[in-house]
Engineer: 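Sharing a structure, written as structure tokens. Questions coming.
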Amino acid sequence: MVRDEAAGLRAVIAIHDTTLGPAAGGTRMQPYQSLDAALTDALRLSKAMTAKAVMAGVERGGGKAVIVGDPARDKSRALLQAYGRAVERLGGRFHTGPDVGIDGRDVAVLSRVTRHVSHTAEGATLTVADLTAIGVLEAMRTVARHLGRELGGLRVSVQGLGQVGLRLARLLAKEGAQLTVADMDDGRAERASSELNAARVAPEAIYDVEADVFSPNALGGVLNDGTLPRLRVSAVCGAANEQLEASGHGDALQERGILYAPDYVVNAGGLLSLLFELGEVNEEGILARVRGIGARVAELLERAASEGAPPFRVADRIVEERLRERRAQRGVH
Ligand code: NAI
């Protein structure tokens, strides 16, 4: 828990697991109702980062930080610097970057007080959103094959046309997919629909669209009691974090014969981009790693089919197994 009264800072830095290496995860700024709500969110998100790193083969642990406040109103240089000093005090146990409400410019401010931050360089050819979208595209290619289809002609309903959703929609359109798009921002939806020759529906109507794949790229918790009975798709595959409101909703999707490609496997391009930002791999290397998400999803779907279990349950189990193995190896040394 981080507090700096003078700077108006209240934040939580959550380090969930460091079995594979120092924790990595973005910093979010949101007007949480309470510090408790911020804590719950940070813990949940940091756990998901551990899972993401394991499944993407990134030698990092899971972490996430949240700053309590409205980014449009409460963000100041003093607040960011106070937060950056807190990250620095952890001495490298936590490495962070942008997330909802925190952008590259904020990270530049943080980087004056701590070494343990990074973001995609200004003018870089590949941004974190590009890599995330490429990973989702490859995951969707695998999902399509699983359905006996190719991306060309695949009907995809895309929720959210922000940094990742729009890039993904462009990549899908290039492959010849037939898109239906929705965004809370009318202008954004309108522009995407005319650029990509895509059908457009009101945000609330996206759950009722008959399609092959529903792709959530906006909010978490969109697979819930209210939306599940409305879905008329064969699969769900998108970038949004924490798509299942509760794990029972993943089982319910499976019972309805809807294939759910687990979010943290599909959207790992965002975490993989860290290796590129830190110069650990070059552009060619990072593209190969991100495209490998397709193969990862394929392995997962095969294992899930042979075990007769939902892929997200199998993924959770793989994460636990791998962490246990690593801890045991450490014990031996
Ligand atoms: P963004 O903020 O750029 O875009 C989100 C878009 O969704 C906006 O255009 C917004 O108007 C729209 N939206 C919000 N509520 C909506 C609703 N109810 N219906 C339809 N549209 C709605 O966010 P970004 O960066 O594209 O991220 C999208 C999701 O992907 C988030 O869940 C994020 O956590 C996840 N993600 C993002 C990564 C990245 O590299 N940016 C990496 C991994 C995951």
Side-chain angles (χ1 to χ4, degrees), residues 24-30 41-42 44-46 48-49 51-53 55-56 58 62 64-66 71-72 96-104 107 118-120 124 126-140 157-171 179-193 198 200-209 214-224 226-227 230 236-245 261-277 286 290 293:
T27 297
R28 213 168 249 212
M29 182 165 185
Q30 270 179 19
D41 207 28
R44 191 176 55 88
L45 291 163
S46 65
M49 289 306 293
K52 209 179 276 198
M55 292 304 283
V58 175
K64 199 86 177 190
V66 302
T96 194
D99 202 272
V100 179
I102 295 288
D103 60 24
V107 174
S118 59
H119 67 108
T120 331
L126 281 174
T127 65
V128 53
D130 291 323
L131 291 167
T132 305
I134 292 169
V136 180
L137 179 81
E138 294 309 320
M140 208 177 298
S157 50
V158 181
Q159 178 184 50
L161 300 158
Q163 302 187 69
V164 179
L166 181 60
R167 285 172 169 85
L168 173 67
R170 285 185 175 138
L171 293 172
L179 306 179
T180 302
V181 299
D183 196 291
M184 291 293 271
D185 181 326
D186 280 342
R188 228 171 245 189
E190 177 56 42
R191 281 192 299 276
S193 140
R200 176 187 158 200
V201 295
E204 189 47 35
I206 197 76
Y207 304 107
D208 305 310
V209 172
F214 169 50
S215 183
N217 298 286
L219 315 165
V222 293
L223 303 172
N224 56 46
T227 60
R230 295 166 57 188
V236 177
C237 177
N241 278 309
E242 302 283 317
Q243 292 167 29
L244 298 172
E245 192 182 85
D263 46 14
Y264 64 76
V265 183
V266 169
N267 70 15
L271 173 63
L272 282 163
S273 79
L274 176 68
L275 306 179
F276 182 52
E277 288 165 15
I286 198 62
V290 171
I293 289 173

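Keep in mind that the numbers below use all heavy atoms, side chains included, and drop hydrogens, waters and symmetry copies. We count ligands from 1, going down the list as the structure has it; atoms in each ligand are counted the same way.
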Engineer: Short list, please: which atoms of ligand 1 are under 4.0 Å from a heavy atom of L219?
Structural biologist: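 The atoms of ligand 1 under 4.0 Å from a heavy atom of L219 are 15 (N), 18 (N).
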Engineer: Number the atoms of ligand 1 from 1 as they appear, then name those within less than 4.0 Å of a heavy atom of G162, with their elements.
Structural biologist: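 Close to G162: 3 (O), 4 (O), 6 (C), 9 (O), 26 (O).
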Engineer: Below 4.0 angstrom from a heavy atom of G160, which ligand 1 atoms are there? Numbered from 1 as shown, please.
Structural biologist: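 Result: 7 (O), 21 (N).
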Engineer: Where's the contact between T132 and ligand 1, heavy-atom distance under 4.0 Å: side chain, backbone, both or neither?
Structural biologist: side chain
Engineer: Around atom 30 (O) of ligand 1, find the nearest protein heavy atom and jot down its residue, atom name and distance.
Structural biologist: A239 O, 3.4 Å
Engineer: Closer than 4.0 Å to some heavy atom of V128 - which atoms of ligand 1 meet that?
Structural biologist: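 Close to V128: 40 (O).
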Engineer: Going from CD1 on I293 to CD on E138, what distance comes out if it is rounded to the nearest 0.5 angstrom?
Structural biologist: 9.0 Å
Engineer: Could you check whether atom 2 (O) of ligand 1 has a protein contact, counting only heavy atoms that fall below 4.0 angstrom?
Structural biologist: no
Engineer: Looking at N267, which atoms of ligand 1 are within less than 4.0 Å of one of its heavy atoms?
Structural biologist: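 Result: 43 (C), 44 (C).
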Engineer: Nearest non-hydrogen contact with atom 13 (N) of ligand 1 belongs to which option: A218, A202, G101?
Structural biologist: A218
Engineer: List the closest protein heavy-atom neighbour of atom 9 (O) of ligand 1: residue, atom name, distance to the nearest 0.1 Å.
Structural biologist: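 For this ligand atom, the closest protein heavy atom is R188 NH1, 2.5 Å.
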Engineer: Who's closest to atom 17 (C) of ligand 1 heavy-atom-wise, of M184, K52, E242, R167?
Structural biologist: M184
Engineer: Does any donor atom in the side chain of Q159 or Y207 lie under 3.5 Å from an acceptor atom in the other side chain?
Structural biologist: yes
Engineer: Which one of V164, L131, N217 has a non-hydrogen atom at the shortest distance from atom 28 (C) of ligand 1?
Structural biologist: N217
Engineer: Decide whether T27 and T96 meet the rule of one side-chain donor and one side-chain acceptor closer than 3.5 Å.
Structural biologist: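 Per modelled atom types, T27 and T96 side chains form a pair under 3.5 Å.
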Engineer: In terms of side-chain geometry, is the basic nitrogen of D99 or K64 positioned less than 4.0 Å from the acidic oxygen of its partner?
Structural biologist: yes
Engineer: Less than 3.5 Å apart, any donor N or O on the side chain of T132 or D130 sitting next to an acceptor on the other?
Structural biologist: no
Engineer: Which heavy atom of the protein is the closest neighbour of atom 25 (O) of ligand 1, given with residue, atom name and distance?
Structural biologist: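 Scanning the protein heavy atoms, the shortest distance from atom 25 (O) of ligand 1 goes to Q163 NE2, 3.5 Å.
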Engineer: Is any side-chain heavy atom of L45 closer than 4.5 Å to one of R28?
Structural biologist: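 R28 vs L45: side chains touch.
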Engineer: Are D186 and R200 ion-paired here, with the side-chain N under 4.0 Å from a carboxylate O?
Structural biologist: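 Judged by the 4.0 Å cut-off on N to carboxylate O distance, D186 and R200 do form a salt bridge.
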Engineer: Minimum heavy-atom separation for A56 to A268, with atom names?
Structural biologist: CB-CB, 3.8 Å
Engineer: Protein heavy atoms near atom 23 (O) of ligand 1, is at least one of them under 4.0 angstrom away?
Structural biologist: no
Engineer: With atoms numbered from 1 as shown, which atoms in ligand 1 lie under 4.0 angstrom from a non-hydrogen atom of A240?
Structural biologist: 29 (C), 30 (O), 32 (O), 35 (C)
Engineer: Between I206 and ligand 1, which part of the residue brings a heavy atom under 4.0 Å of the ligand: side chain, backbone, both or neither?
Structural biologist: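 It is neither part, as no heavy atom is under 4.0 Å.
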